[in-house]
Each structure stands twice: as C-alpha cells, then as structure tokens.
Amino acid sequence: MFKKILIANRGEIACRVIRTARRMGIGTVAVYSDADAEALHVRQADEAVHIGPAPAAESYLRIDGILAACRATRAEAVHPGYGFLSENAQFAAALEKAGIVFIGPDARAISSMGDKIAAKKLAAAAGVSTVPGYLDAIADAEQARRIARDIGYPVMIKAAAGGGGKGMRIARNDAEIRDGFRAAGNEARASFADDRVFIEKYIEEPRHIEIQLMGDAHGKVVHLFERECSIQRRHQKVIEEAPSPFLDAKTRAAMGAQAVALAAAARYRSAGTAEFIVDRERNFYFLEMNTRLQVEHPVTEMVTGLDLVELMIRIAAGEKLPFAQKDLRLQGSAIEARVYAEDPTRNFLPSVGRLVRYIPPAGEGIRIDSGVEEGAEISLYYDPMIAKLVAYGDNRDAAIARLGAALDGFYIRGPSHNLGFLAAVIANPRFRAGRLSTGFIAEEFPEGYSGKTIDAAAEADAIAVAAAAQFIAAEHAARIGGQISSRSRPPPEDWIICVGEPGDGAQRHAARVTRAGESITVEIAGKPRTIATTWQPWQPLLRVVLDGTQAVFQIARDGIGMNLSRGGASLGVMILPPRTAELLLLMAAKPPPDLSRFLLSPMPGLLVSLAVTEGQQVKAGEELAVVEAMKMENLLRAERDGEVLKIHARPGTSLAVDQVILEFA
Ligand code: ADP
Ligand code: ADP
Ligand code: MG
C-alpha cells in the first residue's frame, strides 16, 4: 500500500479523500492556491504545497505544478477528486511517465470516454442501448438540419468534449437547429477548445439515472447499483438519491449489466459512472461515462456500506476487488442535497463572502461533506458549493424526513445560500411521490424561487414557538435582573403578537403564555399549544417539541421583533405587551428605526471586552465584543464590512438586552 498520496484538488472532495487516506494509515499531501492558504483541506492534510495564484488555470489545473509537488513531497500516488484534472488524460499520462500512480483509470480509458462521440460508439459496439442519433461531428448548420429531420424533432445538440452541462442545446424545429448549432459550437470552443458537436434525439421528460461502476486492474468489473439525479437545474444536478424510486429489479439489473459490459469492453479500472436517461416506459439510453469519482458518490456509499475512495486507492495499488457482484446488497435509501452559495431569489446568481456563522446539522443518518468552517471565505474563483448534505433512512420517506430536519437545522450566515430552496424542493408533493424528471425544477418552480410563502398551519406553529421563545427570554432577563430566583415560578404573560408590518396591516393575536415545569403553554384564541425546549436566548437554533412533534426553527432578532424560519419559509413577528402594541398601532405610520447601524447586546449580561476602537475598519465575521451571560462568553461578530464610528459601552458595563454597544458609520 502507498505510504503517501497527494490530493490534486480542494474543498470538500479534498477533505473527503484525506479522511479515508488517514483511516487507511496513508500520509496525505494537500496542494493549494493563494486563495486557499487557510483552507480546511490544507489544515487537515499532513503536508501542504503551494502551487500558484488563485485562478484555477494557474494553480489546480497546472500539471507541471502538481508533478513538482509530488516530487518535492515524494508522494507515490495522486487522487484527482472531481473537476479540475480528474478527467484529463494528459495528466494521467504525465503521472505515469513520472512513475507516480494516478488513482483513477488509465489515460487511454479517460480519453476514449472523454469524447462523447467515441464513448457512444464504444457503448453501441458493446451492446449498450444509446440515445438514437448521428454518431459523428456535424460539419455545418445545413447538415445539422438534415440530420435533425432524419432523427425527428426535438433533438439535442451536444459538444463532443462537453461536461458540466455546457455546450448543450435543445432544438424543436429548423430555426432552432440553426441557432442551436452555432451556440453549442461557440460554447464548446470557449469551454473546451473543441467545437465538435453531434446530435441525438431529445428524450422528453426523462429521468437521469446513472450506474456506479468499479473495476480492478485484473479484469473484474462490478456495478454498485444506481443513483437517480433527475433534480437538475440547467442540466446540473441539485439533489441525488439511491436507489431510484423508479427502477424495478429487472430494469436495475439490465442497466447494471450493460454498464458493466461497457466498462469491461474499455478494460476499465477504478471508479466510473455510466450515465443514462430513462423515459416514461423505463426504456433507458446511455448518455456518457464519467471516468472519475462523482460528486454524489456518498449516496452510493450509504446504501452499500462501501467506501468508494478506499476502493479506488486499493485498486490503484494493484489490489483485487474484494467482492463479487452477487455479494453486493442495496440497503435503505440515501438522498444528497448540494448546498450552494447562490441566491435562489435572484435567479441563482452565485454568491460570495465570508461564512460569518456556519453550523452544520448533525444526527443519526446525517452525513456532511464540506470543505469549510465558520469564518471561511467562499470565493469567486471556484465552484460555489458550500457542502453536501446527505441523509440516510430505512426507506425513502425516512431519508426525506431526516434531510428536511437537517436542512432546517443547517445555519449559514454570510453569503446567500439555497437551503430554503432545497427544503421547498423536498417538501414538494411530486418529489415526495417520486414523480421526478429532469424538468422537475423548471416545471415546479416556473417563476424561479422567491422564498416559500408560509401556509396557515406553519404560521400558527411559528407564532406559538415565537411566543415561547419570548417567554424564555423574559425569564432569563428577570433572573439576571434578580426579579425572580432560578427556582421561583415565572408569572404568566399576556402578550399581543403582531405578524407583518406594525399598524393596520398587521394581524394581531392575543396570547397567554404560562409555564408548568418543562413545558410552556401558549394559548391563542382559546387554543392551547404545548412547547418543550432547552433553548437559551442567544442560540440561533430553536429545537422544540411542539404538541409532541419535533421541529427545528432558526431564530434571529430583527430590531424589536424576531424572525423564525423553517422548511424554506420564514415569518417575522413582534411580541409586545398590550400597552406597547396599542402605542405602536398609533405610531404605525412611522417607519421602524434602522437598528442595523448599531451593535446591540443580544442578551442581558456583562461586557467583558471590546476588540475594536473608534475609527477602525472591520470586516464581516471579525470579532467585535465579548458579552458574558449565564457564565458563558458570547462572541459578537461583525455582520458586514464597515467602520466603527462610536463606542457606547465600555468593558465592565452591565448591559440590558438590546443596549447599544457600538455604532457603525
Ligand atoms: P457529477 O456528474 O459528478 O455530478 P458535475 O457535472 O456536477 O459532476 O461536475 C462535477 C464538478 O466538476 C462540478 O462541480 C464542476 O466544478 C466540475 N466540472 C465538471 N465538468 C466541468 C467542465 N467541463 N469544466 C469545468 N468544470 C467542470
Ligand atoms: P454533461 O457532460 O454536461 O454532464 P450529459 O450528456 O451527461 O452532459 O447531459 C447532462 C444532462 O442533460 C442529463 O443529465 C440530462 O438531464 C440532459 N440530457 C442530456 N442528453 C439528453 C437527451 N438526449 N435528451 C434529454 N435530456 C438530455
Ligand atoms: Mg453528465
């Protein structure tokens, strides 16, 4: 076995490979660009080598730089992860020439599969069902039109060198084929320096179902069943699962056998994936083969109990596959959601910035593959994926339920993210029923996504939970202020809960809140709800048992109100004593004061220290102050970049909740 391997990648996949290597007792070498000097993968590896400036073309994509890093550290083998050089045949060949093992297939297999035309020809020759189409590069728009008419509209124009959803166009008539031919060719030239395109039948409402393959250097190939990746946006996967809710045992076996036949024909070694599309009648057609570890490989690991990275490393070291096809079993169900730094409300525009808060969920059946920690910077140089969140369950419903709870508990502040969108997708009844197709997102979210509107039941839950939270905060304040002892029973509170803008527009609910032991009762309009929680007022996640059912809310102060969100929907409420609510109604015309310029104490406590001075520039995520409450130190950080204008409280001051600590310019 190797003593030391180098990981020619960054982010979550570099961390993922390091984890397995470490478990196997293999030393690890990370490589990094200027932008990644502080990155998690660099800190996790045993050694790290700087390979160049931030742009990938000058660092992670430089074959000479990676080779030099291998020589300098005497790494015996290289794992390429996915993306970057993972499907670059020249890279595999250069390593081989230098006597370094590439943890992947050989250069010949990579280049034959990297060309979609060649791969389809090879597949057809191996008896694999391929998408009907014309199996050569198209010379001009006129030939494209003739071929499209032969195949029959609609058709798909695709770049032979394509990947990552680029260089692809659907054409439904002669006009579209002319435009599409030009557009796909241009995109292919720009992205892959290769403008060859080909045409195949466009399969309507297909599902994307792929077969995971694993072959050793001794001629044995098995498949590790399928993953369904139909939830895509612009031909890019968003949610993936195993097994597919659509396949029956017979189709699964037939697809697996064809994929294995293709890999055997290519004398394929290491992990690879045969991608298929499947139509409504369960006819399946080979699309392409990816000659690398796939982003979504964790779902396969969860339903097979195997470690794909370990298998890749063992196979690269010459070991035989330790099992036969008949030894493999599918157990349970796993779903992965890709958490991206992007803004779903602004057409999924990529977002960048510092992760001011980052609290990934944890729990039974939950796996997080991520390459970041709180304080890390999501930069514009690389893929904007923050993490992969994977949930396992005994069956699909159980996996979905766990994924939903984990999405609710995933707390990210700083860059925009798609957690709410992901929650809305998996809450969709069509998703739950397993009626998927690659058009799912476009059909179910035709206007894009603008934040889910909260339904009546969810709103009633959020209101009751908000009232309980306010009650707990009031108890803390009373205890710290010495008005009640920790054992005395707090009095019931009568409050008005305002939902929406204060004033005429707001809905108002009169609530009475009481505590009996561990449980808080919120009674609104004669209907009592019981809430049990161990939440403390400064915690961002509010886990409750609401009338016997577990739920997680994210809670944030918003001026004098608070904001609760769950399942991709959020609600702003103000909870006020009746007198204050009356006054507020009278003042309603006035806009609420802008408190965002002030750093307010989130809880009653003691100001222990200040990390900044007047006139100082601060960056989002930087420490501002420490407030001690209930014997715990709470670090307050800047929510965005700015300048400190004035300090209003000195260390040693005891603070009331919402007391101003400092003011920004
Ligand atoms: P998978 O099939 O494993 O889900 P994707 O198509 O999502 O793979 O690609 C995996 C990663 O590889 C992407 O996140 C992207 O960063 C990178 N990638 C794939 N193809 C390309 C390409 N042609 N150019 C640049 N990056 C690519
Ligand atoms: P890439 O190399 O970019 O991953 P693929 O050939 O795997 O390209 O196609 C990506 C996605 O585009 C598929 O998952 C599927 O959703 C869609 N697609 C590709 N070819 C077809 C086709 N012939 N008919 C319908 N959809 C297709
Ligand atoms: Mg693909």
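Numbering of ligands and ligand atoms starts at 1, following listing order. Along the sequence shown, the residues carry numbers beginning at 1. The figures here come from the full heavy-atom set of this structure, side chains too, leaving out hydrogens, waters and symmetry mates. Treat the numbers as computed from the prediction; the structure is a model and nothing was measured.
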Would you mind checking if [Y] and [X] are paired as a salt bridge, meaning a charged N to carboxylate O distance below 4.0 Å?
X: R146; Y: D140; value: no
X: R196; Y: D194; value: yes
X: R149; Y: D174; value: yes

Ligand-side contact atoms (ligand 2) for residue partner [X], heavy atom cut-off under 4.0 Å:
X: G165; value: 1 (P), 3 (O)
X: G164; value: 1 (P), 3 (O)
X: E288; value: 1 (P), 2 (O), 4 (O), 5 (P), 7 (O), 8 (O)
X: T438; value: 16 (O)
X: L287; value: 7 (O), 13 (C), 19 (C), 20 (N), 21 (C)
X: I277; value: 21 (C), 22 (C), 23 (N), 24 (N), 25 (C)
X: G162; value: 2 (O)
X: E200; value: 20 (N), 21 (C), 22 (C), 23 (N)

request  = Quick one: look at K237 and ligand 2, take heavy-atom pairs under 4.0 Å, and tell me if it's side chain, backbone, both or neither.
outcome  = neither
request  = May I ask you to identify, for N290, whether its side chain, its backbone, both or neither come under 4.0 Å of ligand 2 on a heavy-atom basis?
outcome  = neither
Before signing off on this row, confirm whether [X] and ligand 2 have an N or O atom pair separated by under 3.5 Å.
X: P206; result: no
X: Y202; result: no
X: I203; result: yes

Proximal heteroatom of E288 relative to the Mg ion (ligand 3) (N/O/S) =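 Result: OE2.
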ask   = When you measure from the centre of the six-membered ring of F246, is the NZ or CZ of R282 under 6.0 Å away and within 45° of the axis?
value = yes
message = A cation-pi test, strictly: NZ or CZ of R252 under 6.0 Å from the centre of the six-membered ring of F284 and no more than 45 degrees from its axis. Yes or no?
response = no
query = So do Y134 and Q143 actually touch side chain to side chain, heavy atoms under 4.5 Å?
reply = yes
ask   = Is any side-chain heavy atom of E58 less than 4.5 Å from a side-chain heavy atom of P53?
value = yes
request  = Using distance alone, with no hydrogens and no angle criterion, decide if D36 and Y60 have a side-chain donor and acceptor under 3.5 Å apart.
outcome  = yes
query = So which of M312, H41, H79 actually passes side-chain contact (heavy atoms from CB on, under 4.5 Å) with V17?
reply =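 Only one of M312, H41, H79 forms a side-chain contact (heavy atoms from CB on, under 4.5 Å) with V17, namely H79.
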For a quick test of your reading: what N or O donor-acceptor pairs under 3.5 Å do the side chains of residues 258-269 make, sequence neighbours left out?
| unit_1 | atom_1 | unit_2 | atom_2 | d |
| --- | --- | --- | --- | --- |
| Q258 | OE1 | S129 | N | 2.8 |
| Y268 | OH | A271 | O | 2.8 |
| R269 | NE | G104 | O | 3.3 |
| R269 | NH2 | G104 | O | 2.9 |

The one among E275, K120, M156, K116 that brings a heavy atom closest to atom 2 (O) of ligand 2 =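 It is K116 that holds the nearest heavy atom.
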remark   = Among H235, Q232, K166, K158, closest by heavy atom to atom 19 (C) of ligand 2 is K158
query = Does M168 have a non-hydrogen atom less than 4.0 Å from ligand 2?
reply =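 Right, M168 reaches ligand 2.
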request  = Indicate yes or no for a side-chain donor-acceptor contact from R430 to the backbone of L436 under 3.5 Å, with no hydrogens or angles considered.
outcome  =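 Looks like no, no N/O pair under 3.5 Å.
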ask   = Has E275 got an N, O or S atom lying less than 2.8 Å from the Mg ion (ligand 3)?
value =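 Checking E275: at least one N, O or S atom is under 2.8 Å.
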